[in-house]
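Notes follow the structure.
Along the sequence shown, the residues carry numbers beginning at 1.
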Amino acid sequence: MATRGGFSSKFGFIAAAAGSAVGLGNIWKFPFEVGDGGGAAFVVMYLGFCFVLCFPVMVSEIAIGRRTQRNPVGAFEALGYKNWKFIGMMGILSGVLILSFYNVVAGWAFGYFLEMVQGNFGIGGQFSDFVKNVSRVGLYGICFMLATAFIVSKGIAGGVEKAAKFLMPTLIVIILSLAFYAMTLPNAMAGVTFYFLPDFSKITSDVVYSALGQAFFSLSLGMGALITYGSYVGKNDNIIESTVLITLADVGIAFIAGLMMFPLVAYMNQGDMSNISGGAGLIFATLPGVFETLGQGTGVFIGALFFLLLSFAALTSTVSLLEVPVAFVVDEFKLPRKVAVWGLATFIFIIGVPSLLSNGYSPFWTEFVTYFGSDKPTDFMTFVSDLANDTMLPLGGCLITLFTAYIWKKENLSDEIAVGNPKFKGSLIEKLINLGISYICPLVLGSLFILTVLDRFFGIKFI
Ligand code: TRP
């Protein structure tokens, strides 16, 4: 196993796992979901999901990975449960699907960085033309996938960990500076108020499902990304402590992203938060206009910094998404790492082409499906994201907890956690985790999975 490599330090693992968690999900998706979901009402629900439902899932994933030192498919086999490796297979499939469209959005972020550097603020108003210009956005997507593959090809300590140790602290400095700056702008407080005052009337069943999907997506759970990273963790690491730190980093950065975004929006709308436009456009269509009003010098600087932040956040996430299928292919088929990395990066980029075309360029992919009970067609990219993020991840989480509690057994989970954390056995946190994996997670995640599928794809609503 020595040849598999591993993280060189505890901080390295936390940085890499937090890097996986913190991504477009936090900075791009979180603020607009908050905007659509009633401000603080959404935030409270999201925090509840992260700490109650996601915590036991994350602990289980890391423990399974560290015990077996294998990829998500091999891990189930190594524990002696061949029949359960379908969970790992489904995870790898979700990862491939997520990376295929995630890379497209990451490419937009990188492209916007280049536009900001040149002071082209008009790009905000041309967002829909920008995403339709497939040769250009495709090129940015290729650049992004190349950077991702380059890092992953260098291995765990020399690639994934090294990149995260540089990118994560830089990201924290950038996002904090931007949030402080945003709060000094006129009308900033109107944005903060919107963010902190819950509007419970906006909570619909759809918002609940989105908050759950968002929690899973944002914490990189439910597909074995943390089984994979856990497989590179040393035996003296404390899994509980790592889980707390990773969750806090992820939630913290999402929270700060909101503190940066809503003051900016309030500044632009002169304090009027009544018709804040949610949706993907919140960042790409709206922010360049905000940066423009800051004047050429400051605007270019702040704008470029913002999209650099977004690109860095995305990069540590694409790295983790690519590492999962790479670990699978390297472990199971004994392929050299470099071959696995470049082969898979090419393959996933190609799977992402329909997503690239589905933002207005190709009518077929743009109006890909119309869900039952909906009168508007859904584009391919949104479809893949609905499928992978909002349904496959919670299902994966549900199956992982079921497996851990009833097949692998709680005692084995506790044994693994206790390595590196001698006080764990008999503690309150042990009882809570057992309660989580045995009852709360399987029940809640299982029911929400069924409700989400019925609601999203079939238009059947229960609440
Ligand atoms: N968590 C990342 C984000 O918030 C996305 C991501 C990276 C992810 N790796 C993952 C999501 C694995 C699910 C599973 O942007």
Side-chain angles (χ1 to χ4, degrees), residues 13 17 20-21 49-95 212 215-216 219-233 235 237-244 246-247 324 327-328 331 392-421 424-449:
F13 164 59
S20 165
F49 284 149
C50 284
F51 283 98
V52 178
L53 286 179
C54 294
F55 196 87
V57 181
M58 192 185 292
V59 169
S60 307
E61 283 204 24
I62 300 178
I64 292 176
R66 191 175 71 171
R67 165 64 67 89
T68 59
Q69 314 267 297
R70 297 278 289 278
N71 65 86
V73 174
F76 291 95
E77 223 165 338
L79 290 174
Y81 304 100
K82 250 187 150 156
N83 292 342
W84 286 80
K85 69 178 188 189
F86 76 93
I87 304 180
M89 300 271 192
M90 198 180 80
I92 290 180
L93 179 67
S94 331
L212 177 71
F216 264 78
L219 290 167
S220 303
L221 289 180
M223 55 147 282
L226 288 162
I227 296 184
T228 309
Y229 275 14
S231 76
Y232 302 118
V233 169
K235 286 287 181 196
D237 275 16
N238 181 334
I239 295 181
I240 301 292
E241 192 185 277
S242 305
T243 304
V244 172
I246 297 164
T247 307
V324 177
F328 168 64
D331 286 351
M392 287 168 83
L393 296 181
L395 175 64
C398 171
L399 293 172
I400 288 169
T401 49
L402 275 176
F403 170 82
T404 309
Y406 300 105
I407 310 292
W408 188 36
K409 301 273 190 282
K410 304 189 274 254
E411 299 71 38
N412 287 312
L413 175 69
S414 289
D415 284 345
E416 184 57 35
I417 300 173
V419 181
N421 183 354
F424 178 70
K425 291 233 176 130
S427 65
L428 174 65
I429 182 94
E430 182 189 28
K431 297 198 180 67
L432 291 175
I433 289 177
N434 283 342
L435 184 69
I437 58 169
S438 313
Y439 306 106
I440 305 179
C441 295
L443 277 176
V444 180
L445 293 175
S447 342
L448 283 176
F449 162 72

Answer yes or no: is there a side-chain heavy-atom contact under 4.5 Å between [X] and [Y]?
| X | Y | value |
| --- | --- | --- |
| Ile433 | Phe424 | yes |
| Leu212 | Pro394 | yes |
| Phe13 | Ile246 | yes |
| Ile407 | Phe76 | no |
| Leu445 | Phe216 | yes |
| Phe403 | Ile64 | yes |
| Tyr81 | Ile87 | no |
| Thr228 | Pro72 | yes |

Spell out, as yes or no, whether a donor-acceptor pair under 3.5 Å connects the side chain of [X] to the backbone of [Y].
| X | Y | answer |
| --- | --- | --- |
| Thr401 | Cys398 | yes |
| Asp237 | Ile239 | no |
| Ser220 | Ser20 | yes |
| Arg66 | Glu416 | yes |

Roughly how far apart are [X] [atom1] and [Y] [atom2], rounded to 0.5 Å?
| X | Y | atom1 | atom2 | value |
| --- | --- | --- | --- | --- |
| Glu77 | Asn83 | CD | CG | 10.0 Å |
| Leu435 | Ile440 | CG | CD1 | 4.0 Å |
| Glu61 | Met223 | CD | CE | 8.0 Å |
| Asn238 | Thr243 | CG | OG1 | 8.5 Å |
| Ile400 | Ile227 | CD1 | CD1 | 4.5 Å |
| Ser438 | Lys409 | OG | NZ | 10.5 Å |

Exercise for review: Please report the C-alpha distance between Ile437 and Tyr406 in whole Å, then the side-chain angles of each, then the deciding distance to 0.1 Å, and finally whether the side chain to side chain contact (heavy atoms under 4.5 Å, CB included) criterion is met.
Suggested key: CA-CA 9 Å; Ile437 58 169; Tyr406 300 105; over 6 Å; no
Exercise for review: For residues Ala215 and Cys54, report the shortest heavy-atom separation together with the two atoms involved.
Suggested key: CB-SG, 3.9 Å
Point to revise | Shortest non-hydrogen contact from Ala78 toward Arg70 | key: CB-NH1, 3.8 Å
**Study point:** Working for side chain to side chain contact (heavy atoms under 4.5 Å, CB included), residues Val59 and Ile240
**Key:** CA-CA 7 Å; Val59 169; Ile240 301 292; 4.1 Å; yes
